[in-house]
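Scroll down for the structure; my scribbles are underneath it.
Whatever order the structure lists ligands and atoms in, that order sets their numbers, starting from 1.
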Amino acid sequence: MIQSINPYTGEKIYEFQELSDEEIINHIEFVNQAFLDWKRTSFAYRKELMEKAATILKEKAHEYGRVIAEEMGKPIKQAIAEVEKCAWVCTYYAQNAEGFLENEYIKTDAFKSYVSYEPLGAILAVMPWNYPFWQVFRFAAPALMVGNTALLKHASNVMKCAELIEEVFTLAGFPKDVFKSLTIKSDKVEQIIKNPLVKAVTLTGSKPAGSKVASVAASEIKKSVLELGGNNAFIVLKDADIERAVKVAVNARYQNTGQSCIAAKRLLLQEEIASEFLTQYVNAVKSTKSGNPLDEDTYIGVMAREDLAEELEEQVQKSVEMGAKILCGGKRDKAYFEPTVLANVKKDMPVFKEETFGPVIAVVTFKTIEDAIELSNNSEFGLGVSVFTEDITKIRGYIKEFDEGAVFINDMVKSDPRLPFGGIKISGFGRELSHHGIKEFVNIKTVYIH
Ligand code: NDP
């Protein structure tokens, strides 16, 4: 059985029967069978269904948000906002997929030559629990609009969300098995990737999981897309609008109780403004409201699993032993971790070197913009960075110096259906969202007519 444990109450709330190997094989065959019809449907038809999915998500945002809050501890307001954002990505691809996938005519020696973008088949998505709806929809909306079909292996602690996501597509009128959630643990992923009917795989999660999935895919000569987290810096230069930077930096680190790949994990402050910034920042962090994820005014919930909170506690404790100073927070109670600010952080401490996947920020000061870039790039990860400054002309000259998938000036790093999302280094490869994302799982077919 696969269980969902409410991390706030510690109670078991759902239980699911794991699929047998035979059932897994059958489902893959059904999803492949569904592909053979789905790929021939028109964009107009797919668009109608995807827009219906968006409507259902909007109508049921409160109901689904509650399940997210109960299964992984996200504060209810943020959970509802997540479901509403899924409606946005569905609408975005419903309206734009056809244009993105139009034939691309290229002048050559031929009478006519062009590129035709065509679906591949059943795509496997291995997804995490931190944004249990969003991570799935940002894959599924473009994949289905292309004409692919989808198999979901969701994280084991959010299988009710997986069931509800499948419900969205069913209620929207998608043909049976165009989208199928598999109730399985991670040990079944390898055999699914190796099934000849599965054409490619995408994973969002940790480096070990990504490494394993990409290796299996590579051994079968199948494409993979990996989105594996980050250790984003949030840089505040001395000429920044401090009040706004403080506000955004709180949200950039603590929303979703810090469990986000693009969260600001390292706060880099220019020496001249460090003390003023930190006083305001610590006050703002202390005034965030922790509590029951189901309360409307809760901003910090609990972490999704107690073991994840324990791991974070270890990273903090080790860093404190090495000289980091707790300015606020630092304590854990089961899956709850106090919003924490750590100063005097050095490059060799776990809170600087490793991804901290919870409400903890590591503060480092720097002298020059060059020092800030060196600190920011001093990471195995390369997902994104935020820089706050009033001198846009000057900072634009430095953008190419950042080894990142995204550079955000005067805002937090965030995902937007219109912009590509993904990283370099061990943050992964490939892109989601925008016209780049929809072309990850297509056959880029060259057509040459003499
Ligand atoms: P995992 O990477 O273990 O889980 C993510 C998904 O991958 C889940 O569906 C999981 O299934 C599956 N998975 C895990 N191991 C394998 C494997 N060997 N083969 C195939 N699939 C696998 O993340 P955790 O939940 O353990 O979180 C640990 C850390 O991962 C976090 O602290 C954070 O650093 C990072 N992470 C990053 C995310 C991001 O947004 N980039 C999201 C979540 C986590 P199952 O649940 O059944 O194990």
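At a threshold of 4.0 Å, the pair Lys180-Glu166 counts as salt-bridged, since one of the basic side-chain nitrogens sits closer than that to a carboxylate oxygen. Ion pairing between Arg418 and Asp416 holds under the 4.0 Å rule for side-chain N and carboxylate O. Salt-bridge annotation for Arg138 and Glu227: present, with a side-chain N of the basic residue lying under 4.0 Å from a carboxylate O of the acidic one. For Asp348 and Lys346, the salt-bridge test fails: no basic side-chain N is under 4.0 Å from an acidic carboxylate O.
Scanning the protein for heavy atoms near atom 26 (O) of ligand 1, the closest one is Arg305 NH2, 3.4 Å. The protein atom (non-hydrogen) at minimum distance from atom 10 (C) of ligand 1 is Lys153 CE, 4.3 Å. For atom 41 (N) of ligand 1, the closest heavy atom belonging to the protein is Gly229 N, 3.2 Å. Taking atom 9 (O) of ligand 1 as the reference point, the nearest protein heavy-atom neighbour is Met127 O, 2.8 Å. Among all protein heavy atoms, the one lying closest to atom 28 (C) of ligand 1 is Leu308 CD2, 4.0 Å. The nearest protein atom to atom 44 (C) of ligand 1, hydrogens excluded, is given as Phe357 CE2, 3.8 Å; this is a heavy-atom distance. At the top of the distance list for atom 25 (O) of ligand 1, counting protein heavy atoms only, stands Trp129 NE1, 2.6 Å.
There is no protein heavy atom less than 4.0 angstrom from atom 4 (O) of ligand 1.
Between Glu190 and ligand 1 there is no heavy-atom distance shorter than 4.0 Å.
An N or O contact shorter than 3.5 Å is missing between Lys212 and ligand 1 by distance. Close N/O approach between Val126 and ligand 1 is not found [any backbone or side-chain N/O within under 3.5 Å]. Where the criterion is an N or O separation shorter than 3.5 Å, residue side chain and backbone included, Glu355 meets it with respect to ligand 1. Residue Asn130 has at least one nitrogen or oxygen atom sitting less than 3.5 Å from a nitrogen or oxygen atom of ligand 1, judged on distance alone. Residue-to-ligand polar distances keep Pro128 apart from ligand 1: every N/O pair is separated by 3.5 Å or more. Residue Lys185 has no nitrogen or oxygen atom sitting less than 3.5 Å from a nitrogen or oxygen atom of ligand 1, judged on distance alone.
By the salt bridge (charged side-chain N to carboxylate O under 4.0 Å, His left out) test, Glu63 is found to be paired with Lys60, residues two or more places apart in sequence or in another chain being considered. Every residue meeting the side-chain contact (heavy atoms from CB on, under 4.5 Å) condition with His62, not counting sequence neighbours, appears here in chain and number order: Ile80.
Checked against a 6.0 Å centroid threshold, the rings of Phe169 and Phe137 count as neighbours. Ring centers of Trp134 and Tyr64: at least 6.0 Å apart, outside the cut-off.
With distances taken over non-hydrogen atoms, the option nearest atom 23 (O) of ligand 1 out of Ser186, Ser156, Ser206, Ser427 is Ser206. Compare Gly205, Ala209, Gly210, Gly428 by their heavy atoms: the one nearest to atom 14 (C) of ligand 1 is in Ala209.
In summary, of the residues considered (Gln259, Glu82, Gln135), a side chain to side chain donor-acceptor pair (under 3.5 Å) with Asn130 occurs for Gln135 alone.
With Glu440 contributing its side chain and Arg431 its backbone, the two residues share a donor-acceptor pair below 3.5 Å.
Using a 4.0 Å cut-off to heavy atoms of Val189, the atoms of ligand 1 that qualify are 20 (C), 21 (N). Applying the 4.0 Å criterion to heavy atoms of His154 picks out, from ligand 1, the atoms 9 (O).
Here the NZ atom belonging to Lys176 is positioned 13.0 Å from the CG atom belonging to Asp37, to the nearest 0.5 angstrom.
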